[in-house]
Amino acid sequence: MAEKWSLGRALRGIFVKPTIDETTWEDMETALITADFGPDITERIIDELREKVDRFRTTDPKDLQRMLIETLEEHFAKFDTTLKLTERPAIVLVVGVNGVGKTTTIGKFANFLRRYGRSIVVGAADTFRAAAVEQLATWAERGGAAIVRPQQEGQDPASVAFQTIQYAQQTGTEIVLIDTAGRLHTKGGLMDELGKIKRVVEKLAPISEVLLVLDATTGQNGVMQAEAFLQHAGVTGLVLTKLDGSAKGGFVLAVQERTGIPVKLLGQGEGIGDLTGFTPHVFAEQLVS
């Protein structure tokens, strides 16, 4: 796991040096910016670390490593990363622009929930692309979830969502994951459609979570793409996909601070089991180690 993190590799040389000196801070600044923390957050973290090093009067890079993990954890932990899925059925709307990995994320999320013994149904409410329904059905099956498909091509997305919740209520299924359309070329129409889905769903049951899927490799561009969802869709949590290989772990903190919305799930690979909950202390250790 640690090998994937560009930050961990960049920091390795810093923490094996004999002492903390000015080049330590320069190297750490470069490592944090390269890892997509952004200049403002990087500056804040360095200032906090300098203050801690002075306070504890240490020159040992191993102390600095421990302080960095603690500092990152403090920043990550400012946001409540808990998934709120206690309602029955717990209804989750999954939103995001096309191409971010929304469909695969739903399959992985179903698999994640199944590991906790939950029953899941997926609603294929992205009815504008026939291929989307087929792809979702494949991933739902892989994730061990039932699926409610449109009864005819181009069916109103809100009616598919309605039927999915009815299915859950009739069968005692615990969690409902509803896929939604992600094309952004008509933002107004898309947000109106999401608003309609929410209104229709809430006639049957409250919505537990609205999860926005972001592609971590697109960095700040991904956040800008998703602004319409952030403004209009009532997003309660973020799911970061493709957070491996060349992806930069600092984006997790940058996106939370920029949006004010917690990261709740992380996708770190292509496999069905490669989606995890976000735990601040675990993630901070993985980033730095």
Side-chain angles (χ1 to χ4, degrees), residues 4 36 76 79-85 90-116 118 120 122-123 125-126 132 135-136 139-140 142-143 145 175-182 184 194 197-198 207-245 247-280 282-283 286-287:
K4 289 180 182 175
D36 237 15
F76 289 136
F79 299 84
D80 182 3
T81 61
T82 316
L83 285 161
K84 310 289 192 298
L85 299 175
I91 297 162
V92 180
L93 294 190
V94 184
V95 304
V97 300
N98 288 338
V100 294
K102 192 158 49 77
T103 306
T104 54
T105 294
I106 290 170
K108 292 174 184 180
F109 191 24
N111 183 70
F112 173 84
L113 294 165
R114 289 274 296 172
R115 296 205 302 263
Y116 290 93
R118 302 287 177 257
I120 303 106
V122 172
D126 182 359
Q135 189 190 12
L136 186 66
W139 276 92
R142 290 183 67 189
I175 298 175
V176 178
L177 308 180
I178 295 175
D179 187 21
T180 60
L184 264 189
L194 275 173
I197 289 174
K198 289 176 76 173
I207 294 170
S208 298
E209 293 273 8
V210 179
L211 298 180
L212 171 64
V213 182
L214 292 175
D215 177 342
T217 61
T218 59
Q220 298 300 327
N221 289 339
V223 183
M224 286 162 64
Q225 270 188 335
E227 292 288 1
F229 291 100
L230 290 165
Q231 288 169 17
H232 304 293
V235 175
T236 58
L238 305 175
V239 184
L240 297 189
T241 63
K242 307 177 191 175
L243 198 68
D244 52 23
K248 314 290 178 49
F251 182 60
V252 175
L253 185 54
V255 74
Q256 287 192 146
E257 297 235 335
R258 175 157 174 193
T259 63
I261 296 168
V263 172
K264 298 201 172 186
L265 292 164
L266 299 175
Q268 303 180 74
E270 299 298 317
I272 190 75
D274 293 329
L275 188 78
T276 60
F278 178 55
T279 311
V282 172
F283 191 72
Q286 287 176 337
L287 267 181

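- For the pair Lys102 (side chain) and Thr180 (backbone), a donor-acceptor distance under 3.5 Å is present.
- Atom CD1 in Ile261 sits 5.5 Å away from atom CG in Leu238 (nearest 0.5 Å).
- Distance CZ/Phe278 to CG/Leu240: 8.5 Å, rounded to 0.5 Å.
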**Report entry** Thr218/Lys242 under side-chain contact (heavy atoms from CB on, under 4.5 Å): CA gap, chis, key distance, verdict
**Finding:** CA-CA 9 Å; Thr218 59; Lys242 307 177 191 175; over 6 Å; no
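- Rounded to the nearest 0.5 Å, atoms CD1 (Ile272) and OG1 (Thr104) are 9.0 Å apart.
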Report task. Test Leu214 against Val255 for side-chain contact (heavy atoms from CB on, under 4.5 Å), laying out the working first. Result -> CA-CA 10 Å; Leu214 292 175; Val255 74; 3.6 Å; yes
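- Partners of Lys264 under the salt bridge (charged side-chain N to carboxylate O under 4.0 Å, His left out) rule, at least two apart in sequence or in another chain, are Glu209.
- Counting all heavy atoms, side chain and backbone alike, Arg114 lies closest to Gly143 at CG-O, 3.2 Å.
- With rounding to the nearest 0.5 angstrom, the OG1 atom of Thr276 is 10.5 Å from the NZ atom of Lys108.
- Atom CD of Glu227 is separated from atom OG1 of Thr259 by 9.0 Å, given to the nearest 0.5 angstrom.
- Between Leu287 and Phe283, the closest side-chain pair of non-hydrogen atoms falls below 4.5 Å.
- Of all the heavy atoms in Phe79 and Pro262, the pair that sits closest is CB-CB, 3.8 Å.
- Considering every non-hydrogen atom in both Leu194 and Ala233, the closest pair reads CD1-CB, 4.1 Å.
- Checking side-chain atoms of Thr81 against main-chain N and O of Val263 turns up no donor-acceptor pair under 3.5 Å.
- Listed here is the closest heavy atom pair of Asp215 and Phe251: O-CE2, 4.5 Å.
- The two residues Ala226 and Leu212 have their closest heavy-atom pair at CB-CD2, 3.7 Å.
- Test Ile175, Val213, Val239, Leu83 against Phe109 for side-chain contact (heavy atoms from CB on, under 4.5 Å) and you get one pass: Leu83.
- Listed by chain and residue number, Tyr116 satisfy the ring pair (Phe, Tyr, Trp, His ring centres under 6.0 Å) test with Phe112 (two or more places apart in sequence, or in another chain).
- Of all heavy-atom pairs between Ala90 and Ser208, the closest is CA-OG, 3.5 Å.
- Taken from CG in Leu266 to OG1 in Thr105, the straight-line distance is 11.0 Å, to the nearest 0.5 Å.
- Contact of the Trp139 side chain with the Asp179 side chain is not registered, since no non-hydrogen atoms from C-beta on lie closer than 4.5 Å.
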